[in-house]
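First the structure, in the form of structure tokens, and then the observations on it.
Letters go in sequence order (proteins before strands), and every chain restarts at 1.
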Amino acid sequence: MAEKARISDLKNYLGSQVQLDGWLYQSRSSGKVQFLIVRDGSGLCQCVVEKGRLSEELYEALEHLGQESSLSVIGTVRAEPRSPGGCELLVEEAQIHQAARDYPITPKEHGIDFLLQNRHLHLRSRRPWCIGRIRHTVVDAIRRFFNDQGFTLVDTPIFTTIAGEGEQTLFEVDYFGQPLHLTQTGQLYLEAAAMSFGRVYCFGPTFRAEKSKTRRHLTEFWMVEPEAAYIDLDGLLELAEGLVVSVVQRVLTDNRAELETLGADIGSLEKVRPPFVRLTYSQAAEILTSQVTQDFMTRQLASFEEERRSLREELGSLEQEEKRGGQKKWQQEKNARRIAELRSELEELEVKIQNNPKHAQLAASFRWGKDLGGSDETILSLMHDKPVFVTHYPREAKAFYMKTDRSDGRVVENFDLLAPAGFGEIIGGSMREDDYDRLLQRIQEEGYNPQNYWWYLDLRKYGSVPHGGFGLGVERTVAWITGERHIRQCIAFPRLMDKVYL
RNA sequence: UCCCCGAUAGCUCAAUCGGUAGAGCGAGCGGCUGUUAACCGCUAGGUCGCAGGUUCGAGCCCUGCUCGGGGAGCCA
């Protein structure tokens, strides 16, 4: 019996016979030799089947085996630079568990709707697999970071009785006749737990009925939320900074191959080192309305237009070539692929070019007191190649539980963290109002019923202390790190505002 | 909720002025001993999203609907 091995460990088995259990990812045949690309969940391996080395019957069967058939192959491992993982298997024996036929996802391009409808199968493809592996690292790094810093995990409830964010984004559930809602944040419960353990965090799914159909929104997403007693805003920023740095570093060391496969911007990830940029909201507002921003936007527009010119040029010459004809088939095909690519790139650029003046206008007309818009955040993060903290937002724009700055009553002690390169917000957090009277007043100002918040208010009566925390969105973090443009690809089974596939 | 774009073979797309529906991939069969989204040959595969209208004639024009993509607001 050959020893079973995982493809990721094959380097350690050079020269010996092993058994791989997996699925047929792809195959090519060339008469008397076949190349089966087998995946086993840990990686891809090229398996070489030579005629005469196994029974005629089995050779035939393997030659006609469909994509994603399940099989075990036994053979000798040898180094081979032409194979995906650097090793290949010279097949001596094989067992077909189930012969698949007409697997819907082919090795060519597919539309996103088709892929999401086939998400149960799509998960096996290379891109989702790489993203899934990175997500795993991100989650593990987050847990390790907080555990190492002496935080205690507290699992907060998913059925909740009070709202932490806007009440209009709640999903209501009928809980044996009592209306409850799905959690939007574990924060309020976490504040209670922080008064017991000092430093706590929760990590779980979050539900928001936001009517936002964008590449940055899911109605069900995963969020980690730390909450600490006896901390101040600077301490919170440091905590967030440390978390993001350690997560990015872990991915860089554990998933470099996946990042490369995905085409992620590794150079920019390597710049994610402390200290991050720190701006107050007022400073951000000043920057947005300054000439600096207008110049920045003008330069950006010019570079977009330059890019458009060169893309159009390439597209034009390819299209002419296509019309002239007379090329080899593979060349035609390659051109057609490139043309499709260019067209979608151009389309995207066109949107950016269209939006640029609008965004410049929005930035210029920014008035103190407004919340930062998506385009404003994009501009601020594009101006820096490191993550950017924005702190001290106007009170009116923010949630009731945020602590009013004692030295400037117009603002609260909060912060957002913007990921670089225009990705936008990945963390939002704040110091919490710890004064009973001020908190009660804020609850009333929001028009909420204080009776619903009786226990939350209680926390300010029995040993209230300065405390705060933040929430980090897992899918947004994964999307930023992997360079995936839409966060629906950063969770196995996404729930979107207007569509739930499986 | 608003704005823009789209829907043609299993998939990704093409079809000039309104005039007989096309390609690649995938599938099936055959060929090739080192392939890299292999290559070569053959075969099958269509209610042009749905409903109505204009026209001698509609994939193409008009109206409505359905579904999808992108953007805005809001947010992690």
Side-chain angles (χ1 to χ4, degrees), chain A residues 25-37 44 46 48-53 63-64 66-67 80-84 88 90 101-118 126 165-166 168-169 184-185 187 206-219 221-225 322-323 328-330 332-337 339-340 343-344 347-348 350-352 354-355 358-359 362 371-375 377 397-399 416-419 423-429 470-480 485-487 496-499:
Chain A
Y25 189 70
Q26 214 184 95
S27 70
R28 288 180 288 276
S29 131
S30 175
K32 305 222 167 47
V33 62
Q34 299 171 38
F35 300 95
L36 310 179
I37 308 297
L44 295 174
Q46 170 166 284
V48 185
V49 185
E50 290 179 353
K51 201 159 194 163
R53 201 171 279 274
E63 188 157 35
H64 291 101
Q67 207 184 333
E80 170 54 66
R82 286 172 291 186
S83 172
E88 71 175 14
L90 184 57
R101 208 155 264 289
D102 296 326
Y103 186 69
I105 301 177
T106 68
K108 290 281 171 182
E109 339 72 82
H110 296 282
I112 187 61
D113 188 50
F114 176 79
L115 291 175
L116 286 179
Q117 276 180 38
N118 290 283
R126 204 185 307 233
E165 300 288 325
Q168 66 280 10
T169 65
Q184 301 167 297
T185 165
Q187 181 201 315
T206 301
F207 307 89
R208 295 199 186 166
E210 280 171 294
K211 294 222 163 45
S212 357
K213 204 186 114 190
T214 78
R215 65 177 68 168
R216 308 163 32 71
H217 283 88
L218 297 168
T219 53
F221 64 97
W222 283 67
M223 183 159 72
V224 61
E225 296 175 274
E322 196 183 36
K323 263 188 205 146
K328 300 264 187 237
K329 210 154 143 193
W330 65 268
Q332 273 177 19
E333 224 187 292
K334 201 175 138 199
N335 282 358
R337 270 206 299 277
I339 286 172
R343 281 189 184 145
S344 82
E347 214 169 290
E348 223 171 291
E350 212 58 61
V351 174
K352 284 186 189 166
Q354 246 175 46
N355 281 338
K358 287 186 217 159
H359 291 171
L362 275 174
D371 204 351
L372 289 177
S375 64
E377 288 182 351
K398 289 293 162 185
D416 282 350
L417 179 66
L418 311 179
F423 185 84
E425 186 178 346
I426 56 171
I427 291 182
F470 59 83
L472 172 132
V474 170
E475 291 78 15
R476 283 190 181 179
T477 304
V478 172
W480 161 52
R485 51 191 305 285
H486 202 302
I487 68 170
L496 306 166
M497 175 202 115
D498 51 357
K499 186 102 185 180

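Comparing B:rA44 with B:rC4, their C1' atoms sit 40 Å apart, to the nearest whole Å. To the nearest whole angstrom, the two P atoms, one in B:rC11 and one in B:rC50, are 15 Å apart. Here the separation of B:rU16 from B:rC56, taken at their P atoms, is 22 Å to the nearest Å.
For the OP1/OP2 pair of B:rG30 and a distance below 4.0 Å, the side-chain nitrogens and oxygens of A:H64 include at least one atom meeting the criterion. Between A:K358 and the phosphate of B:rA72, there is no side-chain N or O to OP1/OP2 separation shorter than 4.0 Å. Contact annotation: A:R476 side-chain N/O to B:rC75 OP1/OP2 distance is not under 4.0 Å.
In terms of modelled atom types and a separation under 3.5 Å, the side chain of A:E475 and the main chain of A:W222 share a donor-acceptor contact.
Separation of atoms CG (A:L218) and NE2 (A:H486) is listed at 7.5 Å; rounding is to 0.5 Å. Note that CD1 of A:I112 is 11.0 Å distant from CD of A:Q117, once rounded to the nearest 0.5 Å.
Side-chain N/O atoms of A:Q117 and base N/O atoms of B:rG68 include no donor-acceptor pair closer than 3.5 Å. The base of B:rC11 has none of its N or O atoms less than 3.5 Å from a complementary donor or acceptor on the side chain of A:H110. Between the base of B:rC32 and the side chain of A:S29 there is a donor-acceptor pair shorter than 3.5 Å.
In this entry the distance linking NZ of A:K32 with P of B:rU33 reads 4 Å, nearest Å. Atom CZ of A:R28 is separated from atom P of B:rC25 by 15 Å (rounded to the nearest Å).
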*Could you go step by step and tell me if A:T185 and A:E225 meet the side chain to side chain donor-acceptor pair (under 3.5 Å) rule?*
CA-CA 8 Å; A:T185 165; A:E225 296 175 274; 2.5 Å; yes
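Judged by closest nucleotide on RNA chain B, A:G111 is the one of A:Q26 and A:G111 placed further toward the 5' end. Between A:R216 and A:H359, the residue anchored nearer the 5' end of RNA chain B, judged by the nucleotide with its closest heavy atom, is A:H359.
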